Amino acid sequence: MHRRGVGAGAIAKKKLAEAKYKERGTVLAEDQLAQMSKQLDMFKNNLEEFASKHKQEIRKNPEFRVQFQDMCATIGVDPLASGKGFWSEMLGVGDFYYELGVQIIEVCLALKHRNGGLITLEELHQQVLKGRGKFAQDVSQDDLLRAIKKLKVLGNGFGIIPVGGTYLIQSVPAELNMDHTVVLQLAEKKGYVTVSEIRSSLKWETERAKQVLEHLLKEGMAWLDTQAAGEPQYWLPALFTELYSQEITPEEAKEAIP
Amino acid sequence: MDRFAWTSGLLELGETLVVQQRGVRLCDGEEKVKFDSGVLLLSTHRLIWRDQKNHECCIAVPLSQIVFIEEQAAGIGKSAKIVVHLHPASSNKEPGPFQSSKYSYIKLSFKEHGQIEFYRRLSEEISQRRWENMPTGQTIQVNKDPQAGRVRAVGIVGIERKLEEKRKETDKNISEAFEDLSKLMEKAKEMVELSKSIANKIKEKQGDITEDETIRFKSYLLSMGIANPVTRETYGSGTHYHMQLAKQLAGILQTPLEERGGIMSLTEVYCMVNRARGLELLSPEDLVNACRMLESLKLPLRLRIFDSGVMVIELQSHNEEEMVASALETVSEKGSLTADEFAKLVGMSVLLAKERLLLAEKMGHLCRDDSVEGLRFYPNLFLTQS
């Protein structure tokens, strides 16, 4: 029985390649690629079936999303790597996180002049929820963290710094090494830190403490209060959530995106 | 309408809510009455109507009073209606809004639709006659408002029951979803194993795999979200998808780049492109991988990575080094500038302004003054005035 629809040229080429490989005594990767292609089609069907039953669950349920992401990570799959991936196309997870990425960038940009590019995960969460409006899907802090991890690749300095029980999100390409991070963690408790506190808690020399604090000042991530009783206090605007209004004015928002 | 009695609207013990619909007007036969905008609730025992503006105004009629119901289709300017024919009121009926009526039927007018579902449920309840099996006991009173002296909240039992049912169903859905998810992941794992084995074969036979096959393999990895086991780098570059994307980007970004002085940061591009797309958004990796191909595809844009790691898209015609010369002029005019000040003057984002000043410094045109007051740039007088 003839195989129809296969050009003579293609057959010849294939035979040539096959001969070439056989010559070298190697097994054709072509076979395995063909197998992968077939399995991929089957997997696509499985995913489609899953999506038709549970797509809503992923959309609506943040805990389910966490489970889903964790399971993917365990087996070595990144469902958010590409918008063209099956996961993104069929489960719609991609759009959810990529759009969140846009919203995160916009919030960080709008508040950068105030906090130097450092913001707590809580504040980011609040601002993002506000921007999304009442009728949008619920977004959890875990969702934000995953979106931010993806944004790192854009080279804008996105980073996640663990402090206290939570995280500080960095959105500017400022270099923050271990020393800076540790001082940020120290400052988290009260929103500010002093040279003496650094010396006593971290057992550092004054010079080292001062260097770190000056770097934070230069980057706009810390503000100096020289009028504090005792010694100067270095405050982190990223941490003063209760102390001042959270509103981003329309002017700030307009200024943020050139 | 004289079959209705005033009620608190609380569900009684044994009474369950079946369905409710907003925007319903009551008519006494063919005549309109003042009950023109309310929520109509169907329970296993009664038909309850509560005024949307004045929640205290609440009336109900037992389902046992219903003889039969009819549907009346919507017309031009008229909502769909359900006509409810009723038995005469019993003599020991509780007081209601009307003492008498010349009609033996009422009409429910669905101004905000919902009549199809309501009709269906009402028919069901009438035929099932559940009120006969569930004798109602005392009404449960909750949240008695001490100030108003009136009971406001709806009876708990019926609602709790409904919530419980919903919870059970949600739980069932979730555990089913998890089960299905686990099975799906098993299959995905097989794909990962297969791709590893192919990658090993490729590694062993360096050069024996055709370019075509490499591209195919990469696109399979892309679909599954598997990192390229051979190169360990972002697997996406080199697939047809990213090539196409690169070409699209060149088209989309030409004008915005021209409007912004020929240069944009990758985060700006990411936001712009995705906001424009609305759906089927690009992942950050998609964008980076596509941009990496711009130069090799000889497109009029290119990706540039500054020392700081900041990534930008430039027009090929853009020459950042030339821009540095004009930056130097600007700084000289003002004596000195910080990145913020420069950004405002020139109308650039602070991020890119800083990069330009840093580049100028790298090229020796500017000097920095790094103090706690910020990073300030001065023309490099060492160079010009030696």
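Within every chain, numbering begins at 1; the chains are lettered A, B, ... in the order of the sequence lines, protein sequences first and strands thereafter. The model shown is predicted, which means the values in this text are computed figures rather than measured ones.
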### Query
Hey, which of A/D95, A/L80, A/I75, A/L217 has the most heavy atom pairs under 4.5 Å with chain B?
A/D95

### Summary
Rounding to 0.5 Å, atoms SG (B/C271) and CG (A/L109) come to a distance of 8.0 Å

### Query
How about B/M185 and A/V77: do any of their side-chain heavy atoms sit closer than 4.5 Å?
no

### Under 4.5 Å from a heavy atom of chain A, the part of B/R277 involved
neither

### Task
Answer yes if the ring centres of B/Y270 and A/Y98 are under 6.0 angstrom apart, and no otherwise.
no

### Query
Is it the backbone or the side chain of B/Y241 that comes under 4.5 Å from a heavy atom of chain A, or both, or neither?
side chain

### Query
At a heavy-atom separation under 4.5 Å, does B/F306 approach chain A through its side chain, its backbone, both, or neither?
neither

### Task
Side chain from CB out, backbone as N, CA, C, O: work out which of these in A/T74 comes under 4.5 Å of a heavy atom of chain B, or both, or neither.
neither

### Query
Heavy-atom distance under 4.5 Å to chain B: side chain of A/L47, backbone, both or neither?
both

#### Entry: Closest-packed option against chain A by number of heavy-atom pairs under 4.5 Å, given B/V310, B/L266, B/V269, B/T267
B/T267

### Message
With a 6.0 Å cut-off (strictly less than), is the heavy-atom count around CZ of B/R275, excluding the residue itself, greater than 12?
### Response
yes

### Message
Could you check whether atom CD of A/E49 has more than 12 heavy atoms from other residues, nucleotides or ligands sitting under 6.0 Å from it?
### Response
no

### Query
At a heavy-atom separation under 4.5 Å, does B/K183 approach chain A through its side chain, its backbone, both, or neither?
neither

### Query
Are A/K152 and B/E285 ion-paired here, with the side-chain N under 4.0 Å from a carboxylate O?
no

### Query
Taking it one step at a time, do A/E99 and B/N274 satisfy side chain to side chain contact (heavy atoms under 4.5 Å, CB included)?
CA-CA 7 Å; A/E99 185 180 11; B/N274 275 341; over 6 Å; no

### Query
Looking at A/G92, A/C72, A/A222, which has the largest count of heavy-atom pairs under 4.5 Å with chain B?
A/C72

### Task
Taking the side chain as every heavy atom from C-beta outward, state whether B/D370 and A/K218 have any pair of such atoms under 4.5 Å apart.
yes

### Residues A/K84 and B/E280 bridged, charged N to O under 4.0 Å
no

### Task
Measure the NZ-CE distance between B/K189 and A/M71 for me, rounded to the nearest 0.5 Å.
10.5 Å

### Query
Side chain, backbone, both or neither: which part of A/K150 has a non-hydrogen atom closer than 4.5 Å to chain B?
both

### Query
Quick one: what part of A/L40 sits under 4.5 Å from any heavy atom of chain B, side chain, backbone, both or neither?
both

### Task
Below 4.5 Å from any heavy atom of chain A, which atoms of B/S197 appear? Answer side chain, backbone, both or neither.
both

### Task
Could you tell me the separation between the CE atom of B/M224 and the OG atom of A/S82, rounded to the nearest 0.5 Å?
13.0 Å

### Task
Please state whether the side chain, the backbone, both or neither of A/E57 comes within less than 4.5 Å of a heavy atom of chain B.
side chain

### chain B contact via A/E89 - side chain, backbone, both or neither, heavy atoms under 4.5 Å
neither

### Side-chain donor/acceptor of A/D78 to backbone N/O of B/G225, under 3.5 Å
no

### Task
Answer whether the closest heavy-atom distance between the side chains of A/N156 and B/L351 falls below 4.5 Å.
yes

### Task
State the NZ-CG distance between B/K187 and A/N45, to the nearest 0.5 angstrom.
10.5 Å

### Task
Check whether any side-chain heavy atom of A/M42 sits under 4.5 Å from a side-chain heavy atom of B/E190, and report yes or no.
no

### Message
Which atoms of A/F86 are under 4.5 Å from chain B, going by heavy atoms: the side chain, the backbone, both sets, or neither?
### Response
both

#### Entry: CD-OH distance between A/Q39 and B/Y220, expressed to the nearest 0.5 angstrom
11.5 Å

### Summary
Answer key: most heavy-atom pairs under 4.5 Å with chain B among A/L151, A/N46, A/V172 is A/N46

#### Entry: Contacting region of B/D180 [heavy-atom separation from chain A under 4.5 Å]
both

### Message
Which heavy atom of A/M36 sits nearest to which heavy atom of B/S195, and what is that distance?
### Response
CE-CB, 3.7 Å

### Query
Does any heavy atom of chain A fall under 4.5 Å from the side chain of B/E176, the backbone, both, or neither of them?
both

### Query
Quick one: does A/S88's side chain get under 4.5 Å of B/L281's, heavy atoms only?
no

### Task
Mind ranking B/V192, B/L184, B/V288, B/L245 by heavy-atom pairs under 4.5 Å with chain A and telling me who comes out on top?
B/L184

### Query
Pick from A/F43, A/Y97, A/F158, A/F68: which one has the most heavy-atom pairs with chain B under 4.5 Å?
A/F43

